[in-house]
Protein chains: 2
Amino acid sequence: MAEAEGWESVTTRRLAERVEYSQPVLYSHFKSKGAIVAAVAIDGFGDMAYELYDARISHESPEESLRAVADAYLRFAGERPALYDAMFVQRIDVSFGSGESPANLQAAFNEFVTVLRPLAGERDLESLAEVIWSSLHGIATLSAGNRLRPELHQVRLDLLIDQVVAGRT
Amino acid sequence: MAEAEGWESVTTRRLAERVEYSQPVLYSHFKSKGAIVAAVAIDGFGDMAYELYDARISHESPEESLRAVADAYLRFAGERPALYDAMFVQRIDVSFGSGESPANLQAAFNEFVTVLRPLAGERDLESLAEVIWSSLHGIATLSAGNRLRPELHQVRLDLLIDQVVAGRT
DNA sequence: GGTCCGAGTCTAGCGCTGCTAGCAAGCCTA
DNA sequence: TAGGCTTGCTAGCAGCGCTAGACTCGGACC
């Protein structure tokens, strides 16, 4: 529903109709609409972690692994924009960057950490993972808003990976 | 108003009250609430272009210039989160990445292009500018949503700049 | 002076939103 | 069989973006 028409047209009334219950029933299962979105998002972290894992292990070379993971990340964001939106753009009540984060989210982040380990050199691994994750997130959101020239998608991705690899000290 | 309480609590009624007119008067000046946000955003592009320019010319060395521009960008996003949100997160009806973009937006983007020119090497300049802009945008939005560890802000920025510089071929 | 027009503004209200109070039916236990 | 808990409902609140239609008032023309 969100993928088809965007989160703003997912109303509690329409959602209730879709699941063939009345509106208040939703509120006995979820505290608010935001909690529903958060539940969807947390589910999404699991999907994402799986796809990143799959991409990572499909290549031997660290650089190719990184390239595949980055590609999988952007493909995930591009193919399921509303889910990605719930996970990373909407203000949901989910802890990030700490031990209290959902396990799925930590798993997804760990794919970045793992794939970057052989490439980090003297750089702080987790910070490096945050940087490349941020970069990919920026590309994903700006692309989703038609703020980047689509035909140069691959050029940008190559530039990003190349400079991560080159930054090894 | 948006900075104090977020855009979602900027309602047309409250806005009308603030400017001491009735609600329909807003709609004789702007087509919709989105158009009001867009007008604010376009104004913001001008501010941002000026601050990036200021940062760029305040250093001689290309690398220091880039560092200053990146820093200014993230400071802008951090200090005026609602304005930044209007400019880059909310879906506003503004053309990006083409000749029809607002002049202020092109000016801001050009600051990246200019500061990167001595550092690009054989890399495509505009694509490189898009990549670093995306990276900064990702850091800005993830930071705003408390999704990055705040104490490592400087570490991430250094990592990003270093790898851009190292990526020169 | 009288009449018209248009600009500018208002009140009132439409259809929608997220959310909740309060009630009714059905099941489990005593 | 009686009471209470669970599960669902209808109805409604306050607020949202937006608009129809009426009112006022200043200037232009006869």
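In what follows, chains are A, B, ... by sequence order, proteins preceding strands, each numbered from 1.
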Among B/V113, B/L116, B/L119, which residue meets the side-chain contact (heavy atoms from CB on, under 4.5 Å) test with B/L128? B/L116
Decide, yes or no, whether a salt bridge links A/R123 with B/D162 under the criterion of side-chain N to carboxylate O below 4.0 Å. no
Check: B/H29 and B/V25 side chains under 4.5 Å, non-hydrogen atoms: yes
A/E17 CD - C/dC16 P separation (whole Å): 12 Å
Hey, which of these two, A/K31 or A/R14, hits DNA chain C nearer its 5' end, going by closest nucleotide? A/R14
Any chance the side chains of B/T12 and B/Q23 put a donor and an acceptor closer than 3.5 Å? yes
May I have the distance from B/Y27 (atom OH) to D/dC18 (atom C1'), rounded to whole angstrom? 5 Å
B/K33 and B/V10: which non-hydrogen atoms are nearest, and at how many Å? NZ-O, 2.8 Å
Find the distance A/H29:NE2 to D/dT7:P and express it as a whole number of Å. 8 Å
What I'd like to find out is whether the side chain of B/D158 reaches to under 4.5 Å of the side chain of B/R67, using heavy atoms alone. yes
DNA chain D-proximal residues of residues 83-94 of chain B, any heavy atom under 4.0 Å: none
Between B/W7 (CH2) and D/dG17 (C1'), how many Å, whole number? 15 Å
Check the distance between C/dG18's P and A/L15's CG and give it to me in whole angstrom. 9 Å
Would you kindly say whether A/T141 and B/H137 are connected by a side-chain donor-acceptor distance under 3.5 Å? yes
Shortest non-hydrogen contact from B/L83 toward B/E3: N-OE2, 2.9 Å
Remember a base hit wins even if backbone is also touched, and classify B/S28 as base, sugar-phosphate or nothing at under 4.0 Å, heavy atoms. nothing
For nucleotides 9-15 of chain D, just jot down a letter per nucleotide in 5' to 3' order: B, S or -, based on protein non-hydrogen atoms under 4.0 Å. BB-B---
